[in-house]
Amino acid sequence: MPFRALLLTGASFFSALLATTAPAHASATESGKTVAAHPAVRNTDMPGIRSMLSEHTDSWPESITVSAARRPIKADEIGTAMTIITEQQIQTQQRRSLSDILERQPGLNVVQTGGMGGLTAIFMRGSNANEVKVRLDGMDMNDGSNATGAFDPAQFMTDGLGRIEILRGPQSGLYGADAMAGVIDMTTAKGQGRVKAFARMEGGSYGTFNQVLGARGSLDRFHYNVELSHYRQVGFHSIPRYIERYASIFSNVTKEQRDRGNTYDNRSANVRMDYDVTDNFDLGLTSRLMQSNYRSYGSYDMLDEVYGDAQHERERTIQNEAVVRGTAHLRSWDGLFDQVIGLGYMTNWRNFTYTGTGSDGGARLYDPNYYRSSRLKIDWHGTLDLKKYGSFLVGAEHFHETYYGNQSDGTGTNDAPYSARATMDTTAGYGQYQGNWNRILYGAANVRYDSNSRYGHYVTWRVAPAIHIPGTGTIIKASAGSGFHGPSLYQLFGKLNGSYYNYQGNQNLRAERLIGYDVTVEQKLAHDRVHFGATWYENHVRNLIQSTATYSAYTSTYSYANVDRARMFGVEAFLNWKALDNLEFNLNYTWTHARDTTDDQPLQRRPQHKFNFNTTWKPVKDLTLSGNILYVSGWRDYPVYAANGSYCVICAKGHGYFTIDLAASYQINRFLTVFARADNLLNRQFENPVGYLQQGRAGYGGFTLSY
């Protein structure tokens with residue numbers, strides 16, 4: 001769909017606004033875009049949704065998904081395998097960073113390079129991290145300044161989030177590129193009712209000191225939610241002991257090196273504002289601003305020092321990110337047609353440098369590297385309510401993305417300064433039909449066309465039926481679809497030149513292609529107090545993009561190439577049991593098999609087994625207790641060093657681990673709540689990934705003042 005069509009769509013949107021006079025109906029929000037709760041949401045199979053909601057709210061219950069079909073429907077009326085995380089769950093478990101809450105979810109493996117703020121990747125169903133699309137309030141968050149274009153959850157705090165929906169399996173039929181493995185869709189909480197102001201302070205292990213200020217509420221037709229946060233952690237040492245022993249072969253490792261730790265500082269501002277202009281027309285604006293400063297001392301830095309290449313070395317990454325999105329939503333003809341138009345902008349700027357000195361006493365090489373990216377998005381979608389015949393969704397999007405990378409020569413010590421600049425545009429259109437037959441067979445089918453200025457044109461599709469067996473509580477779900485993922489601008493055009501390593505982009509990279517399917521059986525018992533199920537999934541990928549390296553005379557040359565084919569399959573199972581009104585148990589298990597089928601080798605950093613158990617108990621009214629056990633099995637990985645100067649990508653084996661976490665909060669009165677949390681209670685020492693030690697036993701505590 002040409003970009004001009006989007007502008008014409010916008011013009012018709014506002015023309016329809018002037019001509020429409022519809023009665024008042026409650027409204028809600030779908031990923032930052034407001035959608036009608038009634039009657040546009042209503043169909044013959046959802047009679048209870050309207051009664052669940054108060055006027056002007058988007059606090060959807062866990063049984064309702066907004067992201068799976070881009071409109072609110074019951075989660076068991078579509079074949080998508082999904083997990084829904086509410087704001088209450090995040091607060092009960094006291095998970096402050098997004099990576100902390102995601103690592104406990106089925107189908108996901110989260111890998112973090114040492115301590116809070118370290119570079120983090122999300123692997124879904126064994127696929128690459130950049131094949132997972134992450135959205136915030138309808139704006140695509142995948143980071144163009146990142147080498148692979150993947151989203152880094154380590155810099156993203158959970159403050160202000162009202163909801164996270166995780167859609168597993170190929171979602172390109174609705175969400176396009178980057179959604180080949182699935183989608184993580186986040187929504188900022190909407191202000192409701194009287195003003196609610198709060199201040200939270202937290203401190204604990206590793207020099208942790210966190211503060212959050214916020215206020216949310218509504219004034220007549222105006223809704224607001226503002227939260228400001230500051231997170232700081234100092235002194236975590238992420239180098240495993242065996243690296244120190246290996247380094248001591250070449251040079252004595254000093255006490256200062258053993259004690260040198262990482263420092264992380266994060267400041268964020270999260271704002272959401274909504275205004276109901278009329279009963280059938282409303283506007284929304286969301287923004288998230290983030291600034292982080294991460295100083296780390298890792299295994300490779302220690303090895304640089306003992307090899308004599310550097311002195312007092314650290315790595316420093318400064319990142320600034322801004323995400324802004326505005327929406328306008330209109331309900332026409334008594335809710336028969338519901339449409340949203342949005343405009344969003346995202347920019348990301350990174351400054352990476354080595355601090356310390358080189359072997360000659362001068363400034364460290366490659367100082368600094370700059371990476372900057374931006375994304376401009378305009379989109380529109382509308383839903384036609386066909387009443388008992390289902391609904392039809394149609395939409396269009398246009399993206400303009402830029403990338404700029406630069407290695408300066410300000411110190412005169414760089415081997416070869418460089419700069420790279422590139423842009424690309426994507427225009428897409430999509431449609432979806434959703435319906436049911438006799439409240440037994442439900443389903444959705446969609447198709448999408450993407451046209452990209454760098455890697456061509458792609459058509460993707462998806463079908464997702466669900467069968468309800470009457471009178472049994474049994475639900476059989478299935479989905480099948482295609483996906484694609486294009487190379488990032490860095491993978492195509494990036495450069496890096498140095499004495500011991502360099503990188504060269506590969507402009508011959510092709511987009512990855514995927515065909516995937518899954519089948520789920522779910523069962524509800526005991527008046528829905530017990531809910532369990534299992535999913536079998538399988539994905540076949542061709543043109544898989546993987547990093548490559550050649551190693552010669554202590555110089556590594558890195559790039560990316562298309563692996564011919566890969567296969568991922570596995571099982572995801574869950575059990576949720578509400579034993580009492582104040583006691584709940586939740587567990588999930590994931591089995592993953594992911595291999596490069598060209599050489600039958602395992603893909604890196606994909607553990608085969610993962611188990612997570614969580615329980616929540618409120619023994620008395622104002623006391624909430626939460627416990628969590630996480631087990632992750634071993635995996636293949638890159639080695640920190642290899643024998644005889646060779647290079648390989650799966651020579652190292654990461655050892656499995658498990659952690660036990662506890663959290664408690666007690667509301668003393670309406671103004672004061674105290675809380676405490678213990679992570680990794682048994683002090684298990686483990687790496688994830690290999691070469692990066694994770695935090696041992698840690699304790700945190702604090703209080704929240706509310707008004």
Side-chain angles (χ1 to χ4, degrees), residues 97-99 112-113 116-121 129-130 133-137 139-157 178 186 228-232 262-271 286-296 314-325 343-355 363-364 366-377 399-411 414 417-425 487-497 503 505:
S97 72
L98 182 63
S99 54
Q112 187 169 29
T113 57
M116 188 174 184
L119 184 66
T120 304
N130 58 351
K133 171 161 283 192
V134 181
R135 305 198 326 152
L136 173 66
D137 298 320
M139 185 62 192
D140 304 71
M141 292 283 289
N142 288 51
D143 184 3
S145 70
N146 186 304
T148 64
F151 172 74
D152 181 2
Q155 314 305 323
F156 197 98
M157 301 302 158
D178 303 330
M186 302 178 290
L228 308 176
S229 64
H230 173 234
Y231 287 82
R232 181 172 176 81
N262 303 337
T263 300
Y264 181 62
D265 193 272
N266 179 298
R267 293 174 173 85
S268 298
N270 315 298
V271 179
T286 60
S287 64
R288 180 174 286 253
L289 310 177
M290 184 273 294
Q291 180 187 68
S292 69
N293 190 328
Y294 180 59
R295 297 172 182 265
S296 64
R314 281 184 186 268
E315 298 176 38
R316 184 188 70 191
T317 300
I318 300 174
Q319 181 175 349
N320 296 298
E321 182 177 14
V323 184
V324 182
R325 176 170 164 80
L343 178 65
Y345 178 75
M346 172 183 172
T347 183
N348 220 321
W349 177 86
R350 295 175 186 263
N351 177 334
F352 173 80
T353 184
Y354 288 103
T355 61
R364 191 71 175 100
Y366 327 120
D367 181 13
N369 292 332
Y370 297 99
Y371 304 97
R372 187 173 68 245
S373 68
S374 66
R375 178 180 296 117
L376 179 67
K377 172 187 177 182
F399 298 88
H400 177 72
E401 301 182 61
T402 66
Y403 166 80
Y404 174 71
N406 171 265
Q407 176 178 288
S408 71
D409 195 26
T411 63
N414 292 321
Y418 75 90
S419 65
R421 188 187 302 271
T423 65
M424 67 180 176
D425 291 88
S488 71
L489 288 171
Y490 179 87
Q491 290 173 329
L492 292 168
F493 300 102
K495 296 179 182 178
L496 179 65
N497 304 304
Y503 171 81

Inset, instruction - May I have the step-by-step check of side chain to side chain donor-acceptor pair (under 3.5 Å) for Tyr371 and Gln319, ending in yes or no? - result: CA-CA 9 Å; Tyr371 304 97; Gln319 181 175 349; over 6 Å; no
Inset, instruction - Tell me, with the steps shown, if Leu489 and Thr423 meet side chain to side chain contact (heavy atoms under 4.5 Å, CB included). - result: CA-CA 7 Å; Leu489 288 171; Thr423 65; 5.6 Å; no
Inset, instruction - Would you sort out whether Asn262 and Tyr264 count as a side chain to side chain donor-acceptor pair (under 3.5 Å), showing the intermediate values? - result: CA-CA 7 Å; Asn262 303 337; Tyr264 181 62; over 6 Å; no
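Checked for salt-bridge contact, Asp140 and Arg375 miss the test: no charged N lies under 4.0 Å from a carboxylate O.
Ser229 is linked by a side-chain contact (heavy atoms from CB on, under 4.5 Å) to Asp159, Val212, Tyr231, Ser268, counting only residues two or more places apart in sequence or in another chain. Contacts of Arg232 classified as salt bridge (charged side-chain N to carboxylate O under 4.0 Å, His left out), with partners at least two apart in sequence or in another chain: Asp265. With sequence neighbours left out, Asp178 forms a salt bridge (charged side-chain N to carboxylate O under 4.0 Å, His left out) with no residue at all. In this structure, the side-chain contact (heavy atoms from CB on, under 4.5 Å) partners of Phe156, at least two apart in sequence or on a different chain, are Leu98, Leu136, Met141, Phe151, Leu161, Met186, Arg288. With sequence neighbours excluded, the residues that form a side-chain contact (heavy atoms from CB on, under 4.5 Å) with Arg372 are Trp349, Tyr404, Arg421.
Judged by distance alone, with hydrogens and angles left aside, the side-chain atoms of Thr347 form a donor-acceptor pair with the main-chain N or O of Ser373 at under 3.5 Å. The backbone N or O of Arg295 lies less than 3.5 Å from no partner atom in the side chain of Thr263, so there is not a single donor-acceptor pair.
Residue pairs satisfying the salt bridge (Lys or Arg N to Asp or Glu O under 4.0 Å) criterion with at least one member in residues 142-152, sequence neighbours excluded, are listed as follows: Asp143-Arg350.
The nearest pair of heavy atoms linking Gly149 to Ser488 is N-CB, 4.0 Å. Across all non-hydrogen atoms, the minimal contact from Thr317 to Phe352 is OG1-CD1, 3.4 Å. Between Phe493 and Ala422, the shortest heavy-atom contact is CD1-CB, 3.5 Å. The two atoms that bring Ser374 and Tyr345 nearest to each other are CB-OH, 3.7 Å, heavy atoms only. Heavy-atom minimum distance, Leu228 versus Ala269: CD2-CB, 3.6 Å. Of all non-hydrogen atoms in Ala154 and Ser99, the two that sit nearest each other are CA-OG, 4.3 Å.
To the nearest 0.5 Å, atom OG of residue Ser296 and atom CZ of residue Arg316 are 11.5 Å apart. We find the OG1-CE distance between Thr286 and Met139 to be 10.0 Å, quoted to the nearest 0.5 Å. Put simply, CG on Leu289 and CG on Asn320 are 10.0 Å apart, with the number rounded to the nearest 0.5 Å. In this structure, the separation between CZ on Phe399 and CE on Met424 is 10.0 Å, given to the nearest 0.5 Å. Going from atom CG of Asn142 over to atom CZ of Arg135 covers 11.0 Å, rounded to the nearest 0.5 Å. For the atom pair Gln155 CD and Met116 CE, the distance stands at 9.0 Å (nearest 0.5 Å).
Taking 4.5 Å as the limit, some side-chain heavy atom of Glu321 sits within range of a side-chain heavy atom of Met346. Looking at Asn146 and Leu119, their side chains come closer than 4.5 Å, going by heavy atoms from C-beta outward.
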